[in-house]
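To start, the structure itself, in structure tokens.
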Amino acid sequence: LALGYACFENSSLSEINLDGPDSIAFIDEQVFAATRLTEVVLPPNPHYLNDGQFASCTALTSLTIPEGVTEIYPHALNNCTALQKITCLSAVPPTVMDYYDYYDMPFYNSNNNATLYVPKGSKAAYGDTEWSYYNIVEMTLPLEVDSTNPESGSNAEQYQTFSFDVTFNQPVTVAQNNPEVKIYVGDINSSETLSPMDGWHATINNETTLRVWGSDYDGFVDYFISDMTKTYYVVIPAGIVTCEGGSNEEIIIVLNPGTTAVDG
């Protein structure tokens, strides 16, 4: 699909959803110029902001530019005087294409007090281009779990160690060295719980992986013999690790009833 030249220009259009089932591959010049749009998230496929695409959109406050956009043309955001926030998802700044006079630049007379949010580590790259017209701030990613080991939903081992790894989407540091991890037997609300001999510990492996482990009285990883007919719920509490994006929320790893060689 494509949006043709100036198809909405000078209209009363105030809202549009470009994230539909049919992908928009091309947006022509001045398509949204002088409309009443306030917040826009561009679709991923068009590779550039065309000439005058949002020119004189005086109600536009927020624009999200996806990673696939590589070029921005003259007049693209001219006279967007209400603009408060631009979010660029690419670590590589979209190239500002050549323009003749200063008033032809893509950002001319838009609000230069607007904040330009860019991926972490890319502020300098944006600052070396005309994007420095805006106030550049690096985005802080929220802390999220990428994986656990053992994986939630896997089977418990017959000799299950008190050791569980959680890998996050960014480096973390330990905030609680001796977290109150709980392992509930049979039901997450069960009164029956399991604990290692000498308490729980929290350590970091490879910057992004939290390991919570229970030790025996000799300082080694403790283990328990699982009841192969029961489910185990490992509840790792919130706030064990922190990073710029915050701290971890509660994490639950479910270990299903295991199987023995004879059962197999």
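Asp101 CG: more than 12 foreign heavy atoms inside a 6.0 Å radius. Around atom CD of Glu250, more than 12 heavy atoms belonging to other residues, nucleotides or ligands sit under 6.0 Å away. A 6.0 Å sphere centred on CZ of Phe26 holds more than 12 heavy atoms belonging to other residues, nucleotides or ligands. Annotation: Asp98, atom CG; neighbour count of heavy atoms from other residues, nucleotides and ligands within 6.0 Å does not exceed 12. Counting heavy atoms of neighbouring residues, nucleotides and ligands inside a 6.0 Å radius, atom CD of Glu144 exceeds 12 of them.
Smallest separation of non-hydrogen atoms from Ala202 and Val174: O-CG2, 3.9 Å. The two residues Gly68 and His47 have their closest heavy-atom pair at O-ND1, 3.1 Å. Here the closest heavy-atom approach between residue Val69 and residue Pro46 is recorded as CG2-O, 3.6 Å. Here the closest non-hydrogen pair linking Asn10 and Ala34 is OD1-CB, 3.2 Å. Heavy atoms only, all atoms of each residue included: Tyr134 and Ala114 are closest at CB-O, 3.6 Å. Closest approach of Val31 and Gly4 over heavy atoms only: CG2-O, 3.3 Å.
Taking the side chain as every heavy atom from C-beta outward, Thr115 and Gln84 never approach each other to under 4.5 Å. The shortest side-chain heavy-atom distance between Pro257 and Met228 does not fall under the 4.5 Å cut-off. Put simply, the side chain of Ile27 does not reach to within 4.5 Å of the side chain of Asn50, judged on heavy atoms. Inter-residue side-chain proximity for Pro150 and Leu255 is flagged as met; some heavy-atom pair is nearer than 4.5 Å. Two residues are said to be in side-chain contact when any heavy atoms from C-beta on lie closer than 4.5 Å; Ser12 and Arg36 meet this criterion. Contact of the Val96 side chain with the Pro106 side chain is registered, since non-hydrogen atoms from C-beta on lie closer than 4.5 Å. Proximity of Asn149 to Phe164: side-chain heavy atoms (C-beta onward) are nowhere separated by under 4.5 Å.
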**OP:** Could you walk me through whether Thr61 and Lys85 pass the side-chain contact (heavy atoms from CB on, under 4.5 Å) test, one step at a time?
**Re:** CA-CA 6 Å; Thr61 60; Lys85 179 175 73 171; over 6 Å; no
**OP:** Could you walk me through whether Thr193 and Ile183 pass side-chain contact (heavy atoms from CB on, under 4.5 Å), step by step?
**Re:** CA-CA 5 Å; Thr193 60; Ile183 300 180; 5.9 Å; no
Subject >> Check against side-chain contact (heavy atoms from CB on, under 4.5 Å), Ile240 and Leu210 >> reply: CA-CA 9 Å; Ile240 295 179; Leu210 163 70; 3.9 Å; yes
Original post:
Would Leu37 and Ile16 satisfy side-chain contact (heavy atoms from CB on, under 4.5 Å), going step by step from the backbone distance to the final call?
Top reply: CA-CA 8 Å; Leu37 290 169; Ile16 190 167; 3.9 Å; yes
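With Ile236 as the fixed residue, the side-chain contact (heavy atoms from CB on, under 4.5 Å) test singles out one of Thr148, Val212, Val241: Val212.
Remark: Gln30 engages Tyr5, Ala6, Glu9, Ala33 in a side chain to side chain contact (heavy atoms under 4.5 Å, CB included) (not counting sequence neighbours). Residues passing the salt bridge (Lys or Arg N to Asp or Glu O under 4.0 Å) test with Asp146, sequence neighbours excluded: none. Remark: Tyr223 pairs with Tyr159, Thr161, Ile225 by the side chain to side chain contact (heavy atoms under 4.5 Å, CB included) rule, at least two apart or across chains. Scored by the side chain to side chain contact (heavy atoms under 4.5 Å, CB included) test, Ser122 finds Ala91, Val118, Pro119, Tyr126 as partners (sequence neighbours excluded). With sequence neighbours excluded, the residues that form a side chain to side chain contact (heavy atoms under 4.5 Å, CB included) with Ser190 are Asp187, Glu192.
Follow the hydrophobic side-chain contacts under 4.5 Å out from Trp200 and you reach Val185 in the same cluster. Hydrophobic clustering of Ile, Leu, Val, Met, Phe, Trp and Tyr side chains at less than 4.5 Å, counting indirect connections, keeps Val235 apart from Val181. Connection of Ile24 to Ile65 is established within a shared hydrophobic cluster, with ILVMFWY side chains joined at heavy-atom distances below 4.5 Å, either directly or through further cluster members. Linking Ile, Leu, Val, Met, Phe, Trp and Tyr residues whenever their side-chain heavy atoms come within less than 4.5 Å places Leu143 and Ile204 in a single cluster. Both Phe54 and Leu13 are members of a single hydrophobic cluster when ILVMFWY side chains are connected at heavy-atom separations under 4.5 Å.
From Leu42, atom CG reaches atom CG of Leu18 across 6.5 Å, with rounding to the nearest 0.5 Å. In this structure, the separation between OG1 on Thr242 and CG on Asn248 is 9.0 Å, given to the nearest 0.5 Å. How far CG of Leu83 is from CG of Asn113: 11.0 Å, rounded to the nearest 0.5 Å. From Thr35, atom OG1 reaches atom CZ of Phe8 across 9.0 Å, with rounding to the nearest 0.5 Å. To the nearest 0.5 Å, the span separating CG on Leu194 from NZ on Lys182 amounts to 11.0 Å. The distance from the CD atom of Glu157 to the OG atom of Ser226 is 8.0 Å, given to the nearest 0.5 Å.
Sorted by first then second residue, the ring pair (Phe, Tyr, Trp, His ring centres under 6.0 Å) pairs that include residues 167-186, not counting sequence neighbours, number zero. Listed by first and then second residue, the salt bridge (charged side-chain N to carboxylate O under 4.0 Å, His left out) pairs involving residues 205-226 are Asp165-Arg211 (not counting sequence neighbours). Applying the side chain to side chain donor-acceptor pair (under 3.5 Å) test to every pair with at least one member in residues 229-238, sequence neighbours left out, gives these pairs: Asp227-Thr229. The stretch residues 107-127 participates, sequence neighbours left out, in these salt bridge (charged side-chain N to carboxylate O under 4.0 Å, His left out) pairs: Lys120-Glu244.
Classified by interplanar angle (parallel below 30°, tilted 30° to 60°, perpendicular above 60°), the ring pair Phe224/Phe162 is tilted.
At distances below 3.5 Å, not a single donor-acceptor pair connects side-chain atoms of Trp131 with backbone N or O atoms of Ile136. In terms of modelled atom types and a separation under 3.5 Å, the side chain of Asp28 and the main chain of Gln53 share no donor-acceptor contact. A distance-only check finds a donor-acceptor pair linking the side chain of Glu138 to the backbone of Gly121 [under 3.5 Å].
Other residues sharing a hydrophobic cluster with Met139 under the 4.5 Å side-chain heavy-atom criterion for ILVMFWY residues are Leu89, Tyr117, Val137. Taking a 4.5 Å side-chain heavy-atom cut-off between Ile, Leu, Val, Met, Phe, Trp and Tyr, the cluster of Tyr100 contains only that residue.
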Considering only distance and modelled atom types, tabulate donor-acceptor pairs under 3.5 Å from the side chains of residues 72-81, sequence neighbours left out.
{"residue": "Tyr73", "atom": "OH", "partner": "Glu71", "partner atom": "OE1", "Å": "2.9"}
{"residue": "His75", "atom": "ND1", "partner": "Asp51", "partner atom": "OD1", "Å": "2.9"}
{"residue": "His75", "atom": "NE2", "partner": "Asp104", "partner atom": "OD1", "Å": "2.8"}
{"residue": "Asn78", "atom": "OD1", "partner": "Tyr108", "partner atom": "N", "Å": "3.4"}
{"residue": "Asn78", "atom": "ND2", "partner": "Tyr103", "partner atom": "O", "Å": "3.2"}
{"residue": "Asn79", "atom": "OD1", "partner": "Asn109", "partner atom": "ND2", "Å": "2.7"}

